[in-house]
Every structure is written in structure tokens, then in C-alpha cells.
Amino acid sequence: MTGSTAATFTADDYRARMGRAARAAAEAGLAGLLVAPGPDLVWLTGYTPPAVTERLTLLVLAAGQDPVLVVPALEAPDAHRAAGASALTLRDWTDGKDPYAATAALLDASGRFGISDNAWALHLLALQQALPGSSYASLTEALPMLRAVKDAAELDLMAAAGAAADATFEEIRNVPFAGRRESEVAADLDRLLRGHGHEQVDFTIVASGPNGADPHHEAGERVIARGDMIVLDFGGLRDGYGSDTSRTVHVGEPTDEERRVHDVVREAQEAGFRAVRPGAPCQDVDRAARRVIADAGYGEYFIHRTGHGIGVTTHEPPYMIEGEERPLVPGMCFSVEPGIYLPGRFGVRIEDIVTVTEDGGRRLNTTTRELVIVE
């Protein structure tokens, strides 16, 4: 992730996010939040440490207290330049000193804290040793919706990332497929995403023929042939916000069965999209898409959830899955991506990123969902 979002958000934006996070922690019964380097820290402060090291960097948030960023002294100048630096207090520490004792002094000795999912065990164990009466819960467990609802500026960035992914698809559909390796087409996707402004490419799935029956197939050395159905699933980060789209194409004319399966998935994707509305439980999106596929006789071949949240990471809460009763809220962004996977034969997936509006949903991907014929 680059620092390009720093120009988009101000110190006041980061101050508001940190305040909201601290209040949410208190409402969840937590003494505060401990945020390690990663997407949560970038979202809350605009700061990305210059390197991943064993030295402790930790944002401490608690309701009624000023935010404090504990940072190694040699990285303090970079932290001071972060977009949100003026909204917090920097507490630096030098090699040879105990950063855990300095951090412990900021914490309730018997408190329960939410901590970043990607915090190092080294740091968590050291904090537990410094504060044996403390306890911890992962942020995903404690505050799964912390970043879920996007503001207007974030939605603009999400829409731009979606438009860049759409532009990539419009170009990739015109490249040669037959006779080329999956890995070569995947390299084209990577190049095109970056050409349309992505600073980070997270995945470029090119799953041809029988490989399409594996939803997370890694593009390999299989040579694409005429008659292949090909699942394309690609995305990453543009200006710090995620894209993720899937389209299924066919090399030459498809069979009647291939068209029928694609039509079922397209109808399921439409049903999932139409289920999006404020107040509806997340599982309704999954149920709507899954019902179409089950009614067509392919229920056992839809083997994953219908969707996942997206924002400063390409996969995050909320999840569109049976049992998730959390309501949809305007500003949430997530994928709607049903699929059918026929082992040893082919697969089909169609995916758009959708945001919840005041009266329904809006697609952030607008390329055709019809079966595209490629050469």
C-alpha cells in the first residue's frame, strides 16, 4: 500500500476515525484498541511504517484519552509526516529501552483490549507479560464493522478502483487467449491494472477449462485452447482502496450447457444484487443468489459464500453468508459473486462490488455480465 491516500484525507478525517473507533471500543466493553502496522493503522492515521521490523509500533486508542502512537525513534520522522500525525501524540522509544513498559503505562492494567489481527505474537505476549491482568480480542472479533461503512470520499475511491478494474476487463477481452498460457494472460491483467492506476495487484486468477472448477486457482502453465471456459478474477488497491471483479469468458462458441450454466450464474448474481437494501441481513444476499442456483439443480456446485467486504483490503467484513444476520447499512461495500464449479469440466463466476445506498444497492462494476466470446 502506498501513501497516496494521504492527499485525499486530512488530519481531521483521521481524528474523526480514531474518535469513532475509540467510542466503538467503549461501547463494545473494551478498555481500548491497540493497532499494529497494517491496514487498520493506515485507515486510522494515514501512517505506513517504512519497513516491517521486530520493533514495536502501536497505536493506543481509548475513549476520553488522546490517541498515542508508540513508535521506534528511528522511524519517528516518518511518523511525524503522516497525514494524521497532528491528530495524535507520538511517543518514541530508543533501542535498549523497553517499549512494552512504555506502552503498558498507557493502558488499564486489568483492561480488555481489541488488538489488530496482524499484530505479532512477539508483541502481544510481551504486553501480556507486562500487564498480566490484561486480556485481548482480535479486532475482527471485537469490532468487525470498524471499517465497513465508507464515507463519501471513500466511496469515490472505491468507485474509481472499480472503474479501473472495468477498464482492465474491456482491454483483456481483446487480447489473444487461445494458444497462450494462463500465466501470460495473468501477466496482462497485472500490467493493465497497474496501467489503470493500481499501486498493488492482489490477485489475477485465470482459470481455464477444468481449472475453472477451482475458485482460487493460481494461474499456471496450462495452455488455453479453443472451447475453454475461462474464469477471470482480478483486483488490488488503487489509491489505497480495493477492486475485485470476476467475469467468465469463452474461447470460441460455447456449448448449450456452458451457456445455460453461465445464464444461471448471471441470474443468481442479479438476484443477489436485488436483495441488497438497508436493514436487510447480510445472509439475505447469499440466500437470494443461492436459491437461483439450487432451483436450477446446481446447488451442490456453489461451494463458497456469496460475498465479502472490501475497502482498504480486498477481503474484510461483512460477509454475505448464511448465518450472518448483521444488517446492511448505507456505505457498506462488498462483492456479490455466485459461481458454479463442475469438477473436471469448467466453472463460472460473475462478480461485482456493490455498495448499499439509502434505498437499495449500486454496482461499482458495470461491464457486461453476458458471456463474452474471446479468441
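Computed from a prediction, not measured in an experiment: that's the story for all the values here.
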- request: Check the pair Ser134 / Gln128 against side chain to side chain donor-acceptor pair (under 3.5 Å), numbers first and verdict last.
  value: CA-CA 6 Å; Ser134 63; Gln128 287 178 315; over 6 Å; no

Let me check something: do [X] and [Y] share a hydrophobic cluster, defined by ILVMFWY side-chain heavy atoms less than 4.5 Å apart, either directly or through other members?
X      : Y      : answer
Leu127 : Leu125 : no
Val201 : Leu237 : no
Val231 : Met229 : no
Ile205 : Val336 : no
Val356 : Leu146 : no

Does [Y] offer a backbone N or O that forms a donor-acceptor pair with the side chain of [X] under 3.5 Å?
X      : Y      : answer
Asn174 : Glu170 : yes
His250 : Leu371 : no
Arg277 : Gly361 : no
Ser116 : Ala119 : no
Gln283 : Gly323 : yes
Glu182 : Ser208 : yes
Glu199 : Gly240 : yes

- request: Mind running side-chain contact (heavy atoms from CB on, under 4.5 Å) on Leu143 and Leu33 for me, showing each step along the way?
  value: CA-CA 10 Å; Leu143 294 176; Leu33 300 180; 3.7 Å; yes

With the side chain counted from C-beta on, respond yes when [X] and [Y] share a heavy-atom pair under 4.5 Å apart, and no when they do not.
X      : Y      : answer
Pro281 : Arg326 : no
Phe169 : Val249 : yes
Ile340 : Val264 : yes
Thr355 : Lys150 : no
Arg305 : Met320 : no
Phe234 : Thr168 : yes
Leu328 : Phe334 : yes
Phe273 : Val354 : yes

Under the salt bridge (Lys or Arg N to Asp or Glu O under 4.0 Å) test, which residues partner [X], sequence neighbours left out?
X      : result
Asp13  : none
Asp202 : none
Asp95  : Arg55
Arg362 : none

Who passes side chain to side chain donor-acceptor pair (under 3.5 Å) against [X], sequence neighbours left out?
X      : value
Ser110 : Asp108
Asp359 : Thr357
Arg274 : Glu270
Gln65  : none

- prompt: Angle class for the His123/Tyr100 ring planes (parallel below 30°, perpendicular above 60°, tilted otherwise)?
  reply: tilted

message: Parallel, tilted or perpendicular, judged at 30° and 60°: which one describes the rings of Phe203 and His315?
response: perpendicular

- prompt: Step by step, would you call Thr306 with Ile321 a side-chain contact (heavy atoms from CB on, under 4.5 Å)?
  reply: CA-CA 6 Å; Thr306 293; Ile321 190 171; over 6 Å; no

Mind listing the closest non-hydrogen atom pair of [X] and [Y] along with its distance?
X      : Y      : answer
Ala165 : Thr245 : CB-CG2, 4.0 Å
Glu358 : Pro330 : OE2-CB, 3.7 Å
Thr314 : Gly242 : CG2-CA, 4.3 Å
Cys333 : Leu155 : SG-CD2, 3.5 Å

Ion pair check, [X] and [Y], cut-off under 4.0 Å:
X      : Y      : value
Glu184 : Arg191 : no
Arg260 : Asp263 : no
Asp228 : Arg222 : yes
Arg349 : Asp233 : yes
Asp256 : Arg259 : no

field: Side chains of Asp66 and Thr89, donor plus acceptor under 3.5 Å
entry: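 Per modelled atom types, Asp66 and Thr89 side chains form no pair under 3.5 Å.
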
task: Using distance alone, with no hydrogens and no angle criterion, decide if Ser246 and Glu337 have a side-chain donor and acceptor under 3.5 Å apart.
output: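 Side chains of Ser246 and Glu337: no pair found under 3.5 Å.
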
List the atom pairs, with distances to 0.1 Å, where a side-chain N or O of residues 34-43 and a protein N or O form a donor-acceptor pair under 3.5 Å, not counting sequence neighbours.
from	atom 1	to	atom 2	distance (Å)
Asp40	OD1	Arg147	NH1	2.3
Trp43	NE1	Glu154	OE2	2.8

- request: Go through the steps for Thr248 and His262 under the test side chain to side chain donor-acceptor pair (under 3.5 Å), then give the verdict.
  value: CA-CA 8 Å; Thr248 301; His262 191 277; 4.9 Å; no

task: Kindly indicate, with the supporting measurements, whether the criterion side-chain contact (heavy atoms from CB on, under 4.5 Å) is fulfilled by His80 and Leu90.
output: CA-CA 8 Å; His80 275 291; Leu90 265 70; 3.8 Å; yes

Evaluation steps, side-chain contact (heavy atoms from CB on, under 4.5 Å), between Leu107 and Leu131: CA-CA 9 Å; Leu107 306 179; Leu131 295 174; 3.8 Å; yes

- prompt: Do Arg112 and Tyr136 meet the cation-pi criteria used here (NZ or CZ under 6.0 Å from the six-membered ring centre, within 45° of the axis)?
  reply: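 Because its charged atom misses either the 6.0 Å distance or the 45° angle limit, Arg112 does not stack over Tyr136.
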
field: Any residue meeting side chain to side chain contact (heavy atoms under 4.5 Å, CB included) with Ile303, in chain and number order, not counting sequence neighbours
entry: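 If we apply the side chain to side chain contact (heavy atoms under 4.5 Å, CB included) test to Ile303, skipping adjacent residues, the hits are Pro215, Tyr341.
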
statement: Applied to residues 20-32, the side-chain hydrogen bond (donor to acceptor under 3.5 Å, both in side chains) test, sequence neighbours excluded, yields none

message: I need the full list of side-chain hydrogen bond (donor to acceptor under 3.5 Å, both in side chains) pairs touching residues 364-375, with sequence neighbours left out, sorted by first then second residue.
response: Asp166-Asn365, Asp166-Thr366, Arg226-Glu375, Arg247-Thr367, Asp352-Arg369

message: Before you tell me yes or no, could you show the steps for Asp244 and His308 under side chain to side chain donor-acceptor pair (under 3.5 Å), namely the whole-Å CA-CA distance, both residues' side-chain angles and the distance that decides it to 0.1 Å?
response: CA-CA 10 Å; Asp244 185 1; His308 58 82; 3.0 Å; yes

